[in-house]
Amino acid sequence: MEILTDYTILRLIWWLFLGVLLIGFAIMDGFDLGVAAQLPFVARTDVERRVAINTIGPVWDGNQVWLILGGGAIFAAWPAIYAAAFSGFYIALFLVLAALIIRPVGFEFRNKIAHPTWRAFWDWALTIGGLVPSLVFGVAFGNLLQGVPFRIDPEMRIFYEGTGLFELLNPFGLLAGLVSLTMLLAHGAVYLSVKADGPVRERAAKVLTVTAPLCVLLFVLAGVWLSLGIPGYVITGEFLTNGPSNPLFKAVTVTDGAWLTNYAAYPWMIAAPVLGIAGPLLALMLVRLGRPGLGFVASGTGVLGIISTAGVSMFPFLMPSSIDPVSSLTVWDASSSQRTLFIMLICTLIFLPIVLSYTGFVFRVLRGRVTAQDIETNPTGHY
């Protein structure tokens with residue numbers, strides 16, 4: 001118990017928890033987003049679209065618990081990150097929110113009226129609701145790796161000095177967005193290979209054939225670009241990892257190749273990019289071999305590897321500042337108080353297993369494929 005109350009250990013635990021929640025969201029809600037985003041490509045008739053939608057319809061809302069948990073964790077454990085992110089990424093996050101709003105409306109409304117135009121409208125709403133978050137989340141990570149234009153004054157007030165959405169849509173940010181989009185498209189395609197049947201399943205396998213290698217290619221390209229063309233951040237001088245949460249109590253330098261220094265200091269971290277490369281390719285191979293269940297595990301492992309690569313590369317930085325490096329927010333100086341982190345840790349250790357158990361129970365109950373026959377024989381009992 002004494003170890004768990006140490007401020008340094010608590011901060012490190014909550015950095016790990018933040019990663020777990022982000023990865024959990026990307027794996028669980030990511031296949032929902034991926035299926036919706038590829039809906040026009042895998043389903044051509046109304047019955048086929050309903051097959052695809054019904055693979056995610058019963059579980060999408062439960063999967064979004066991971067997004068809520070992640071947002072809550074950032075707000076409570078890393079309040080400075082929450083404040084700076086909502087200042088710098090306000091318009092981008094608003095677009096994500098709008099997309100996440102039209103998605104549940106699409107699920108609920110598309111089957112209320114059996115008219116082709118009505119259903120086509122909501123099908124496109126579902127597609128947009130999958131595409132926009134998949135792209136924007138990656139763009140956000142790309143901009144974090146480059147640094148965000150904010151500063152903190154001596155009164156600890158955060159000032160964002162960026163120009164808005166189009167500043168975020170820079171070449172590397174868009175590349176990171178494409179990595180995220182192809183990653184979730186591939187993940188969704190593997191899920192359809194598990195849950196769908198007939199033409200939907202066959203077309204999803206074709207989507208996976210394109211998106212899995214493309215995801216790996218873009219991921220490697222982003223890594224090369226990051227190592228050769230984007231400076232990283234390093235804390236210099238003496239620094240207390242258990243000191244007060246004041247980002248101005250440190251010295252930071254910006255230097256080329258700094259995002260690679262953690263891999264030299266901790267060689268085991270190389271496992272993250274290795275998993276990011278191997279996961280999608282292994283998923284593709286397993287789906288082709290007729291083992292889509294194992295393919296989904298491999299795809300989830302690839303998602304874990306890609307997101308973890310960004311996390312371990314930046315550690316201990318959470319949100320670097322491009323205009324005032326000293327204002328950069330790190331694991332050691334952007335957290336809540338020691339007591340807050342400890343109380344939240346106890347709550348997490350109680351409720352996270354409940355969430356995991358409930359999720360496992362739901363997927364066990366809903367196991368099995370969705371077929372066109374299911375839709376045609378019970379047209380009012382499905383989305």
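Here the structure is a predicted model, which means the values were calculated and not measured. Residue numbers start at 1 and run along the sequence shown.
Heavy-atom minimum distance, Ala52 versus Val200: CB-CG1, 4.2 Å. When all heavy atoms of Ala298 and Leu286 are compared, the closest pair comes out as CB-CD1, 4.1 Å. Between Phe219 and Val179, the shortest heavy-atom contact is N-CG2, 3.8 Å. Between Thr261 and Ala258, the shortest heavy-atom contact is OG1-O, 2.8 Å. Nearest approach of Asp6 to Thr8, heavy atoms of both residues: OD2-N, 3.1 Å. Taking both residues in full, the closest heavy atoms of Ala36 and Ile56 are given as N-CD1, 4.4 Å, listed atom of the first, atom of the second, then distance.
In this structure, the side chain of Gln146 engages the main chain of Gly142 through a donor-acceptor pair within 3.5 Å. Using modelled atom types, one side-chain atom of Asn170 and one backbone atom of Glu167 make a donor-acceptor pair closer than 3.5 Å. Remark: side-chain polar atoms of His187 are not paired, donor with acceptor, to backbone N or O of Val303 under 3.5 angstrom. Gln38 contributes a side-chain N or O that, together with a main-chain N or O of Leu185, makes up a donor-acceptor pair within less than 3.5 Å. No side-chain donor-acceptor contact under 3.5 Å links Asp32 to the backbone of Gly30. Within the 3.5 Å criterion, the main-chain N or O of Val312 finds a donor-acceptor partner in the side chain of Asn262. When atom types are taken as modelled, the side chain of Glu108 and the backbone of Pro104 share no donor-acceptor pair closer than 3.5 angstrom. In this structure, the side chain of Asp29 does not engage the main chain of Asn63 through any donor-acceptor pair within 3.5 Å. Checking side-chain atoms of Ser335 against main-chain N and O of Val331 turns up no donor-acceptor pair under 3.5 Å. Checked by atom type and distance alone, the side chain of Ser327 pairs as donor or acceptor with a backbone atom of Ile152 at under 3.5 Å.
No side-chain N or O of Ser328 forms a donor-acceptor pair with one of Arg151 less than 3.5 Å apart. Checking Tyr7 against Thr241 by side-chain atom types alone, no donor-acceptor pair falls below 3.5 Å. In the model, Arg119 has a side-chain atom that pairs as donor or acceptor with a side-chain atom of Asn111 under 3.5 Å. Between the side chains of Arg201 and Ser193, no donor N or O sits under 3.5 Å from an acceptor N or O. Looking only at atom types and distance, the side chain of Asp324 has no donor-acceptor partner in the side chain of Ser321 under 3.5 Å away. Between the side chains of Asp333 and Asn246, no donor-acceptor pair is found at a separation under 3.5 Å.
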Could you go step by step and tell me if Phe86 and Tyr82 meet the ring pair (Phe, Tyr, Trp, His ring centres under 6.0 Å) rule? CA-CA 6 Å; Phe86 272 82; Tyr82 191 88; 4.6 Å; yes

Residue pair Ile23, Ser308: steps toward the side chain to side chain contact (heavy atoms under 4.5 Å, CB included) verdict: CA-CA 8 Å; Ile23 292 168; Ser308 296; 3.5 Å; yes

How far apart are the C-alpha atoms of Phe89 and Leu144, what are their side-chain angles, what is the distance that settles it, and do they pass the side chain to side chain contact (heavy atoms under 4.5 Å, CB included) test? CA-CA 10 Å; Phe89 302 147; Leu144 285 177; 4.2 Å; yes

Begin from the C-alpha positions of Arg103 and Asp61 and carry the test salt bridge (charged side-chain N to carboxylate O under 4.0 Å, His left out) through to its verdict. CA-CA 10 Å; Arg103 188 165 69 134; Asp61 48 356; over 6 Å; no

What verdict does the side chain to side chain contact (heavy atoms under 4.5 Å, CB included) test give for Thr348 and Trp14, after you've listed the backbone C-alpha separation in whole Å, the side-chain angles of each residue and the deciding distance to 0.1 Å? CA-CA 10 Å; Thr348 301; Trp14 273 103; 3.2 Å; yes

Before giving the answer on side chain to side chain contact (heavy atoms under 4.5 Å, CB included), spell out for Ile343 and Arg339 the whole-Å C-alpha distance, their side-chain angles and the decisive distance to 0.1 Å. CA-CA 6 Å; Ile343 293 174; Arg339 177 176 295 182; 3.8 Å; yes

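Glu48 is listed as a side-chain neighbour of Arg203, based on a closest heavy-atom distance under 4.5 Å. A 4.5 Å side-chain heavy-atom check between Ile306 and Cys215 finds at least one atom pair inside the cut-off. Counting only heavy atoms from C-beta outward, the side chains of Trp122 and Val105 approach each other to under 4.5 Å. Residues Ile323 and Phe150 are not in side-chain contact: their nearest non-hydrogen atoms beyond the backbone lie 4.5 Å or more apart. Looking only at side-chain heavy atoms (C-beta outward), Ser336 and Trp78 stay at 4.5 Å or farther from each other.
Hydrophobic clustering of Ile, Leu, Val, Met, Phe, Trp and Tyr side chains at less than 4.5 Å, counting indirect connections, unites Leu16 with Leu304. Using a 4.5 Å cut-off between side-chain heavy atoms of Ile, Leu, Val, Met, Phe, Trp and Tyr, with links allowed through other members, Val355 and Val362 fall into the same hydrophobic cluster. Both Leu221 and Val139 sit in one connected hydrophobic cluster of ILVMFWY residues. Membership requires side-chain heavy atoms under 4.5 Å apart, directly or through other members. By the rule that hydrophobic residues join a cluster once side-chain heavy atoms approach within less than 4.5 Å of another member, Val216 and Ile270 end up as members of one cluster.
We find the CD1-CG distance between Ile230 and Leu145 to be 7.0 Å, quoted to the nearest 0.5 Å. Rounded to the nearest 0.5 angstrom, Leu22 CG and Ile74 CD1 are separated by 6.0 Å. With values rounded to the nearest 0.5 angstrom, Leu39 atom CG is found 4.5 Å from Thr127 atom OG1. The CG atom of Leu69 sits 7.5 Å away from atom CG of Leu352, with the distance rounded to the nearest 0.5 Å. Going from atom CE of Met28 over to atom OG1 of Thr359 covers 5.5 Å, rounded to the nearest 0.5 Å. Taken from NZ in Lys206 to OG1 in Thr211, the straight-line distance is 14.0 Å, to the nearest 0.5 Å.
Here Thr55 pairs with Val35, Tyr191, Leu192, Lys195, Ala196, Val370 under the side-chain contact (heavy atoms from CB on, under 4.5 Å) rule; sequence neighbours left out. Evaluation of the ring pair (Phe, Tyr, Trp, His ring centres under 6.0 Å) rule for Trp15 yields Phe315 as partners, not counting sequence neighbours.
The residues Asp46 and Arg110 are annotated as salt-bridged, a charged nitrogen and a carboxylate oxygen being separated by less than 4.0 angstrom. Between Asp197 and Arg369, no side-chain nitrogen of the basic residue sits less than 4.0 Å from a carboxylate oxygen of the acidic one, so the salt-bridge criterion is not met. The residues Arg50 and Asp123 are annotated as not salt-bridged, no charged nitrogen and carboxylate oxygen being separated by less than 4.0 angstrom.
Heavy atoms of other residues, nucleotides or ligands lying less than 6.0 angstrom from OH of Tyr160 number more than 12. A 6.0 Å sphere centred on CZ of Phe363 holds more than 12 heavy atoms belonging to other residues, nucleotides or ligands. No more than 12 heavy atoms of other residues, nucleotides or ligands shown are found within 6.0 angstrom of CH2 on Trp124. Surrounding CD of Gln373 are at most 12 heavy atoms belonging to other residues, nucleotides or ligands under 6.0 Å away.
Between Trp259 and Tyr233, the ring center distance clears the sub-6.0 Å criterion. Taking the six-membered ring where the residue is Trp, the centroids of Phe121 and Phe109 are separated by 6.0 Å or more.
For Arg157 and Phe159, the positive end is not near the middle of the six-membered ring at less than 6.0 Å and at most 45° from its axis.
Ring geometry, Phe296 versus Phe31: the interplanar angle exceeds 60°, so the pair is classed perpendicular (tilted spans 30 to 60°).
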